[in-house]
Amino acid sequence: MPLKAAIVPVTPFQQNCTLLWDEASKRGAVVDPGGDLARIVAGIDETGMVPEKILLTHGHLAHAGGAAELKEKLAGIPIEGPHKADKFLLDELAAQGLGMGMAGLRNVTPDRWLAEGDTVTVAGNMFSVLHCPGHSPGSVVFINAAQRFALVGDVLFQGSIGRTDFPYGDHDALIEAIKTKLLPLGDDMAFICGHGPMSTFGEERQSNPFVAG
Ligand SMILES: [Zn+2]
Ligand SMILES: [Zn+2]
């Protein structure tokens, strides 16, 4: 049975925290719980899902800032991802949050770092892991080939791509990752991104000014 998804916008950055679950078993995952834990918990209650893990696409605070607190609230369920190259970001979430007037964010250490070729499961549904650096060094994308569905974090957006104007950003690496790893997976692959509406790889291949052509 296909996984269900619900988006809970969190933080002043309107980050798409995503709840993914299997309707039969109710088991699922919380992807990128950046903050606003009360909203995330309300979403969990409304859907009736039972989170068995937390997945992180990358180390930015709007995506990972609430992960440690949510793990604690959910009896210590494991946190998987991102790639270890984002450890330096996860190690300074609390300080960064304070610098932006966001109190209560915590540093987080995942239970499992992810790398290219790894797989993760959500309620028994397999996602392959692609390492797509550029927006951040440790950004990962989760691909469910069977259900033609991806979670791409801030790698790719509808009509745009992730920022690379950070000291550690790499525009060329980001474009290469999108063009060589994501778009070849097929036009019909739908994706949820870190901010804004869903799209498909086909739509972006045709009309996204950064990667079309
Ligand atoms: Zn980001
Ligand atoms: Zn973001």
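In listed order, ligands and their atoms are each counted from 1.
- Using a cutoff of 4.0 Å between basic side-chain nitrogens and carboxylate oxygens, Lys26 and Glu23 are scored as salt-bridged.
- Each protein N, O or S atom less than 2.8 Å from the Zn ion (ligand 2) was counted, giving 3.
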Identify every side-chain donor-acceptor pair in residues 98-106 under 3.5 Å, counting partners at least two apart or on other chains, and give the distances.
{"residue": "Arg106", "atom": "NH1", "partner": "Glu72", "partner atom": "OE1", "Å": "3.0"}

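- A perpendicular orientation is assigned to the rings of His135 and His58, their planes being inclined by more than 60° (bins at 30° and 60°).
- Contacts classified as salt bridge (charged side-chain N to carboxylate O under 4.0 Å, His left out) and involving residues 134-147 (residues at least two apart or in different chains) are not found.
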Show me, pair by pair, the donor-acceptor contacts under 3.5 angstrom made by side chains of residues 2-14, not counting sequence neighbours?
{"residue": "Thr11", "atom": "OG1", "partner": "Phe13", "partner atom": "N", "Å": "3.0"}

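- Between His195 and Phe157, the ring-plane angle classifies as perpendicular under the 30° and 60° cut-offs.
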